**Q** 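Quick one: this structure, given as structure tokens, is what I'll be asking you about.
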Amino acid sequence: MTKRFPCAAVGVLTLLAACRTSDEVSTAVGTLEMVEVDVGPLQAARAVRVLVQEGDAVRVGDTLALLGTPTLTASMAQAEARAAAAAEAARELSRGSRPAEIARAEAELSAATADAERAAADLARFEPLAARGDVSRATLDAARSAARAAAGRRAGAAEALRLVRDGARSERRAAAQAEARGAEAAAEGWRATANDLVLVSPVNGVVSSRNVEPGEVLAAGQSAVTVGQPSRPWARIYLSHHLLPRIRPGDTLVAHLDGDTTTFRGRVTAIASKAEFTPRVALTEQEREDLLFGVRVEFADDRGRLRAGVPITVTLPAAPSPPLATAR
């Protein structure tokens, strides 16, 4: 006798089958790589000493190599001398005149004042004599000229004393200070250049490659030493567009190595926005399956278990179950 299932029962069986399909666990395999940092100069230089070998462990700030240029020492000394001279000139202007300069200006004003008073007295004595005809007109004119000249010298000496007491003008002091700052900036630039020729490790890690030997010339930006970070391994896995909705940046995924039961946790840091390995026009179902998106997964490995070049299998979270349908 043939059994007939009601429509509700058929709907339940279909839903269970869909649940089993959605709960299937998917995995993806990627190859482990490590974060590497290339250390090199910002300008062309010759390698003087290389202090590390491949495989050496280094920490932040450890010296990796010493570089040099022929004119660096002389240029830096010249720049520092100019900076020192400009700074001293600015300080001298800001301090104002020295006491000896003020005393000399005061003495010159006193002498000019005495000359002016004497000339004025002579003119006052000659004027009544000239009125009576006892002194010639030429003598009186000469006395008047001498009095005016002496008064002018006294006024000039007074102005000179005022300028000495006031010191340099504010504009001149500002210009001297600006020149001093510019000279110091130039010297600081040469010091920075000298510091740049001492290559230090920017990270904790292991020297993965030594790219220069003493005597070789490096171009600007060329790597002298490459430092890898074994504690920051990462892998790129490729997922089809069907599996991509299961993950988002920031999600934590579990992974394991071949033949190893240890579970490693990784964090999704980037998902490609463009498919790879894609035909120009994806029309067939098989071609649509070829739509793969790269996903970068970073791991934290303080025990050194994850090594570059080793394949690792990443497990994706199960797809969410479809909503329950109302049976009819």
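Note that these values count all heavy atoms, side chains included, but never hydrogens, waters or copies made by symmetry. It should be emphasised that the depicted structure is a prediction, and the values quoted were computed from it without experimental measurement. Position 1 is the first residue of the sequence; numbering continues from there.
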**Q** Closest approach of Gly205 and Pro230, non-hydrogen atoms and distance?
**A**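 For Gly205 and Pro230, the tightest heavy-atom pair comes out as CA-CD, 4.3 Å.
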**Q** Quick one: do Leu199 and Leu197 end up in the same hydrophobic cluster if we chain Ile, Leu, Val, Met, Phe, Trp and Tyr together by side-chain heavy atoms under 4.5 Å apart?
**A**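 Yes: a chain of side-chain contacts under 4.5 Å links Leu199 to Leu197.
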**Q** Of all the heavy-atom pairs spanning Pro202 and Val60, show the shortest one and how long it is.
**A**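 Minimum heavy-atom separation between Pro202 and Val60: O-CG2, 3.7 Å.
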**Q** Donor-acceptor pairs are to be reported for all side-chain atoms of residues 29-42 against protein atoms at under 3.5 Å, with residues two or more places apart or in another chain.
**A**
residue: Glu36; atom: OE2; partner: Ser208; partner atom: OG; Å: 3.4
residue: Asp38; atom: OD1; partner: Ser223; partner atom: OG; Å: 3.4
residue: Asp38; atom: OD1; partner: Thr226; partner atom: OG1; Å: 2.7

**Q** Between NE2 of His256 and OG1 of Thr263, what distance do you get to the nearest 0.5 Å?
**A** 8.5 Å
**Q** With a 4.5 Å cut-off on side-chain heavy atoms, are Asp251 and Pro317 touching?
**A** no
**Q** Using every non-hydrogen atom in the two residues, find where Ala116 and Ala150 come nearest and quote the distance to one decimal.
**A** CA-CB, 3.4 Å
**Q** Determine, using the 4.5 Å side-chain heavy-atom cutoff (strictly less than), whether Val212 and Val52 are members of one ILVMFWY cluster.
**A**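 Yes; tracing contacts between hydrophobic side chains, which count when under 4.5 Å, links both residues.
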**Q** Do Leu257 and Val314 share a hydrophobic cluster (ILVMFWY, side-chain heavy atoms under 4.5 Å, transitive)?
**A**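 Same hydrophobic cluster.
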**Q** Any chance you could measure Leu306, atom CG, to Ser231, atom OG, to the nearest 0.5 Å?
**A** 11.0 Å
**Q** Please answer whether the main-chain N or O of Glu54 pairs with a side-chain N or O of Arg210 as donor and acceptor at a distance below 3.5 Å.
**A**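 The answer is no, because no donor-acceptor pair under 3.5 Å joins these two groups.
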**Q** When hydrophobic residues are tied together by side-chain contacts of less than 4.5 Å, even through go-betweens, does Val268 share a cluster with Trp234?
**A** no
**Q** For Ala146, check side-chain contact (heavy atoms from CB on, under 4.5 Å) against everything at least two apart and list the hits.
**A**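 Partners of Ala146 by the side-chain contact (heavy atoms from CB on, under 4.5 Å) criterion come out as none, since no residue qualifies.
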**Q** Scan for side chain to side chain donor-acceptor pair (under 3.5 Å) pairs involving residues 116-129, sequence neighbours excluded, and state none if there are none.
**A** Asp115-Arg118, Asp122-Arg125
**Q** Show, in sequence, the C-alpha distance, side-chain angles and deciding distance for Leu67 and Val48, and conclude whether the side-chain contact (heavy atoms from CB on, under 4.5 Å) test is met.
**A** CA-CA 5 Å; Leu67 311 179; Val48 178; 5.6 Å; no
**Q** Mind checking the CD-CZ spacing from Glu80 to Arg82? Nearest 0.5 Å is all I need.
**A** 12.5 Å
**Q** Taking the side chain as every heavy atom from C-beta outward, state whether Ser209 and Val225 have any pair of such atoms under 4.5 Å apart.
**A**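 No, their side chains stay 4.5 Å or more apart.
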**Q** Quick one: which of Val58, Asp56, Val198 gives a side-chain contact (heavy atoms from CB on, under 4.5 Å) with Leu64?
**A** Val58
**Q** How close do Leu218 and Ala224 get, counting heavy atoms only, and between which atoms?
**A** CD1-CB, 3.6 Å
**Q** Strictly distance-based, threshold 3.5 Å: is any side-chain N or O of Arg46 a donor or acceptor partner for the main-chain N or O of Val217?
**A**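 It does not hold such a pair.
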**Q** Any donor and acceptor pair, going by atom type alone, linking the side chain of Gln78 with main-chain N or O of Ser75 inside 3.5 Å?
**A** no
**Q** Nearest 0.5 Å, please: how far is CZ in Arg153 from CZ in Arg148?
**A** 12.5 Å
**Q** Apply side chain to side chain donor-acceptor pair (under 3.5 Å) to the pair Thr113 and Ser110, showing each step before the final yes or no.
**A** CA-CA 5 Å; Thr113 300; Ser110 298; over 6 Å; no
**Q** Has Glu188 got a side-chain atom pairing as donor or acceptor with Ala185's backbone, closer than 3.5 angstrom?
**A**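 Judged by distance alone, no pair lies under 3.5 Å.
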**Q** How far apart are the C-alpha atoms of Val297 and Thr269, what are their side-chain angles, what is the distance that settles it, and do they pass the side-chain contact (heavy atoms from CB on, under 4.5 Å) test?
**A** CA-CA 6 Å; Val297 183; Thr269 58; over 6 Å; no
**Q** How long is the gap from CZ on Arg232 to CG on Asn204, to the nearest 0.5 Å?
**A** 11.5 Å
**Q** What heavy-atom pair brings Glu216 and Asn211 nearest, and what distance separates the two atoms?
**A** OE1-O, 4.3 Å
**Q** Using a 4.5 Å cut-off on heavy atoms from C-beta on, say whether the side chain of Leu244 contacts that of His242.
**A** no
**Q** Do the side chain of Ser201 and the main chain of Val203 share a donor and acceptor less than 3.5 angstrom apart?
**A**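 Present.
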**Q** Measure across Trp190 and Ala79 and return the closest heavy-atom pair with its distance rounded to 0.1 Å.
**A**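 Heavy-atom minimum between the residues: CD1-CB, 3.6 Å.
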**Q** Linking I/L/V/M/F/W/Y whenever any side-chain heavy atoms sit under 4.5 Å apart, do Phe299 and Val206 land together?
**A** no
**Q** Kindly write out the residues that satisfy salt bridge (Lys or Arg N to Asp or Glu O under 4.0 Å) with Glu159, not counting sequence neighbours, or none if the list is empty.
**A**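 Once residues adjacent in sequence are excluded, the partners of Glu159 under the salt bridge (Lys or Arg N to Asp or Glu O under 4.0 Å) criterion are Arg162.
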**Q** Less than 4.5 Å apart, side chain to side chain, heavy atoms only: is that true for Phe293 and Leu239?
**A**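 They are not in contact (no side-chain heavy atoms under 4.5 Å apart), so the answer is no.
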**Q** Taking everything shown except Arg144 itself, do over 12 heavy atoms lie less than 6.0 Å from its CZ?
**A**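 More than 12 within 6.0 Å, yes.
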**Q** In plain terms, say whether Arg191 and Glu184 are close enough for a salt bridge, that is, a side-chain N and a carboxylate O under 4.0 Å apart.
**A**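 Counted as a salt bridge, because a side-chain N and a carboxylate O are separated by less than 4.0 Å.
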**Q** CD1 of Ile237 to OG1 of Thr313: how many Å apart, nearest 0.5 Å?
**A**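 Here the rounded value is 10.0 Å.
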**Q** Of all residues at least two apart in sequence or in a different chain, which pass the side-chain hydrogen bond (donor to acceptor under 3.5 Å, both in side chains) check with Asp260?
**A**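 So Asp260 forms a side-chain hydrogen bond (donor to acceptor under 3.5 Å, both in side chains) with Thr262, Arg305.
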**Q** Apply side-chain contact (heavy atoms from CB on, under 4.5 Å) to residues Thr27 and Leu316 and explain how you reach the verdict.
**A** CA-CA 6 Å; Thr27 60; Leu316 303 179; over 6 Å; no
**Q** Mind checking salt bridge (Lys or Arg N to Asp or Glu O under 4.0 Å) for Arg296 and listing every partner two or more places apart, or none if nothing turns up?
**A** Glu298
